[in-house]
Amino acid sequence: MSLDIERVRALYPALSDGYAWLDAAAGTQVPQPVIDAIAAAYSAGIGNTHGAFPGSARSDAIVTRAREAVADLVGGDPAGVVLGPNMTTLTYRFAYALAKDWGPGDEIVVSRLDHDANVRPWVQAAERAGARVRWAEVEVPDGELPAGQYDELVTERTRLVAVTAASNILGTMPDVPRITARARAVGALSYVDGVHATPHGPIDMAALGADFYATSAYKWSGPHIGAVVARPALLETLRPDKLASSPSEVPDRFETGTAPFADLAGVAAAVDHLADLDPAATGTRRERLLASMTAVEAYEQAELAYLLKGLSSLPHVNLVGSPRRRTATAYFTVTGHTPREVAEHLAANRVNVWDGHCYAWELTRALGIRDEGSAVRAGLVHYNSRSDVDRLLNALEDLPRR
Ligand SMILES: Cc1ncc(COP(=O)(O)O)c(C=O)c1O
């Protein structure tokens, strides 16, 4: 099983602009079938949902297909897929809903490895409810989140454990099954942030032990749509604020207002695209996803090894973190240059990277770099080529030594 990288790259119109797009951890480009699916939805004519005419039925079908696709991608139940504008907004929504029955004496556990979107909504909801917030700490400088600390942190008082499946700056993949097992053992719920992890390998939210699994389509070649997946029976227990007039069944009760239906058509097309990445993959879409994403993981890990070796060989480049299990994401500083200067130099050399804290607000502070502009992030996905990596390394080599 393997990827034909040239075939894959040819599917993405944006990749032909001459830039090395190494900003995937901030958002991916979109392949032609996704663009076509969005355009086709508009061309066919789409009405609002639950109406009496065909254009409305088309929107109903688009929503159903988007839920089925996301469920296939993460190993969930389509009836438990909540769609929304992005992970942050959905997480605030779930934090409000879950915290309705938290109070003094209750505790939640968040981690300093996480993107702020899986921290602040919980911290603020806990503050409002009078619940206590406990923090899982990151080992510095390697950037691991030791799972053993959850044995102490998670107690009979714990209501929720929020943890990431992968750090969006260091790539660290903590031992999520162990952490969620600890939560389950005391009757607490787990909310796993899969936004960074999802594009980098096969995902099985049951194997992760996640009660809630959050993901964002724009990180895996889809449009700007977020999703949170949970067991329908669990969603049934929650009462989010909603209009009296809007549907009260699950999962619709979590979705406010009118959805971007054409973009949702793009979500299903993006999942189909991922499923077809390995042309040798066969079977159901879920089976093809597992095979294709396994091939993606192998491809990306080889490119990551090459990238890390290259970065380590540059004396003026300082890698941040050295986690054992990680996605194809590198975070580094360059001696004598601010992260923004490095990013500008790379942009001038047609290499797109991100600089700054990347919303890893607690982690960049724990690493002691947040006040200095943090660092530079190069994030690879399945469409990045060896030549993209070489261009990054060559441009870094050219930076004046200070
Ligand atoms: C790990 C992680 N979590 C959460 C988010 C926030 O996702 P969204 O932009 O969908 O709100 C991001 C976005 O960069 C992320 O990388």
Side-chain angles (χ1 to χ4, degrees), residues 21-30 66 70 73-74 81-96 110-124 136 138 143 145 161-174 176 179 190-201 203 205 208 210 212-229 254-256 259-260 263-264 266-267 270 321 323 325-331 352-364 366 374-381:
W21 288 83
L22 295 173
D23 65 330
T28 43
Q29 300 311 304
V30 172
V70 172
L73 182 62
V74 306
V81 175
V82 177
L83 300 163
N86 50 58
M87 179 274 188
T88 305
T89 304
L90 285 171
T91 302
Y92 266 111
R93 193 150 178 69
F94 274 92
Y96 269 101
V110 293
S111 101
R112 295 207 201 274
L113 188 70
D114 273 77
H115 186 289
D116 212 36
N118 202 30
V119 175
R120 221 53 56 188
W122 305 115
V123 169
Q124 291 162 357
V138 170
L145 181 72
V161 176
V163 68
T164 192
S167 155
N168 65 315
I169 55 171
L170 306 183
T172 313
M173 300 177 77
V176 173
I179 295 167
S190 58
Y191 192 99
V192 176
D193 178 358
V195 173
H196 185 72
T198 309
H200 298 296
I203 299 293
M205 63 178 280
L208 288 171
F212 300 92
Y213 185 88
T215 187
S216 281
Y218 76 97
K219 307 285 190 181
W220 34 264
S221 301
H224 290 88
I225 297 287
V228 172
V229 188
F254 293 88
E255 296 171 350
T256 45
D263 278 349
L264 293 183
V267 168
R325 283 182 66 231
R326 65 191 297 175
T327 61
T329 307
Y331 201 50
N352 298 339
V353 294
W354 209 257
D355 66 287
H357 55 68
C358 305
Y359 296 77
W361 190 245
E362 297 290 334
L363 181 53
T364 46
S374 299
V376 176
R377 177 179 64 186
L380 278 65
V381 281

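Counting starts at 1 for both ligands and their atoms, in listed order. In this text the structure is predicted, and so the values were computed from the model without any measurement.
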| task | Give the atoms of ligand 1, by number and element, whose distance to some non-hydrogen atom of Asn168 is under 4.0 Å. | result | 1 (C), 16 (O)

| What protein heavy atom is closest to atom 7 (O) of ligand 1, reported as residue, atom name and distance in Å? | Met87 CB, 3.6 Å

| said: Within the 3.5 Å criterion, strictly below it, is a donor on Thr327 or His196 matched to an acceptor on the partner's side chain? | reply: yes

| Within the side chain of Ser111, is there an N or O that forms a donor-acceptor pair under 3.5 Å with the backbone of Leu113? | yes

| task | Select one of side chain, backbone, both or neither to describe which atoms of His115 lie under 4.0 Å from any atom of ligand 1, heavy atoms only. | result | side chain

| ligand 1 to Thr164 polar contact by distance, N or O atoms, under 3.5 Å | no

| Would a distance-only check, ignoring hydrogens and angles, find a side-chain to backbone donor-acceptor pair under 3.5 Å from Arg326 to Leu170? | yes

| said: Quick one: does any side-chain atom of Thr172 pair with a main-chain N or O of Pro174 as donor and acceptor, under 3.5 Å? | reply: no

| message | Quick check on Lys219 - does any of its heavy atoms sit under 4.0 Å from an atom of ligand 1? | response | yes

| query | Hey, does the side chain of Ser221 reach the backbone of Val30 with a donor-acceptor pair shorter than 3.5 angstrom? | reply | no

| request: Could you tell me which atoms of ligand 1, counted from 1 in the order shown, lie closer than 4.0 angstrom to a heavy atom of Val195? | output: 2 (C), 3 (N), 4 (C), 5 (C), 12 (C), 15 (C), 16 (O)

| field | Contacting atoms of ligand 1, where contact means under 4.0 angstrom from a heavy atom of His196 | value | 1 (C)

| Is any side-chain heavy atom of Val267 less than 4.5 Å from a side-chain heavy atom of Pro223? | yes

| said: Is there a polar contact between ligand 1 and Ala117, counting only N or O atoms under 3.5 Å apart? | reply: no

| task | Among all protein heavy atoms, pick out the one at the shortest distance from atom 11 (O) of ligand 1; state its residue, atom name and that distance to 0.1 Å. | result | Thr88 OG1, 2.5 Å

| message | So does Cys358 get a backbone contact from the side chain of Asn168, meaning a donor-acceptor N/O pair under 3.5 Å? | response | yes

| field | Candidate with minimal heavy-atom separation from atom 1 (C) of ligand 1, of Leu90, Asp193, Val119 | value | Asp193

| task | May I ask you to check whether Ser216 has an N/O atom sitting below 3.5 Å from an N/O atom of ligand 1? | result | yes

| said: What I'd like to find out is whether the side chain of Asp114 reaches to under 4.5 Å of the side chain of Glu362, using heavy atoms alone. | reply: no

| task | Mark the output for Tyr218 as yes if a heavy-atom distance to ligand 1 is under 4.0 Å, and as no if none is. | result | yes

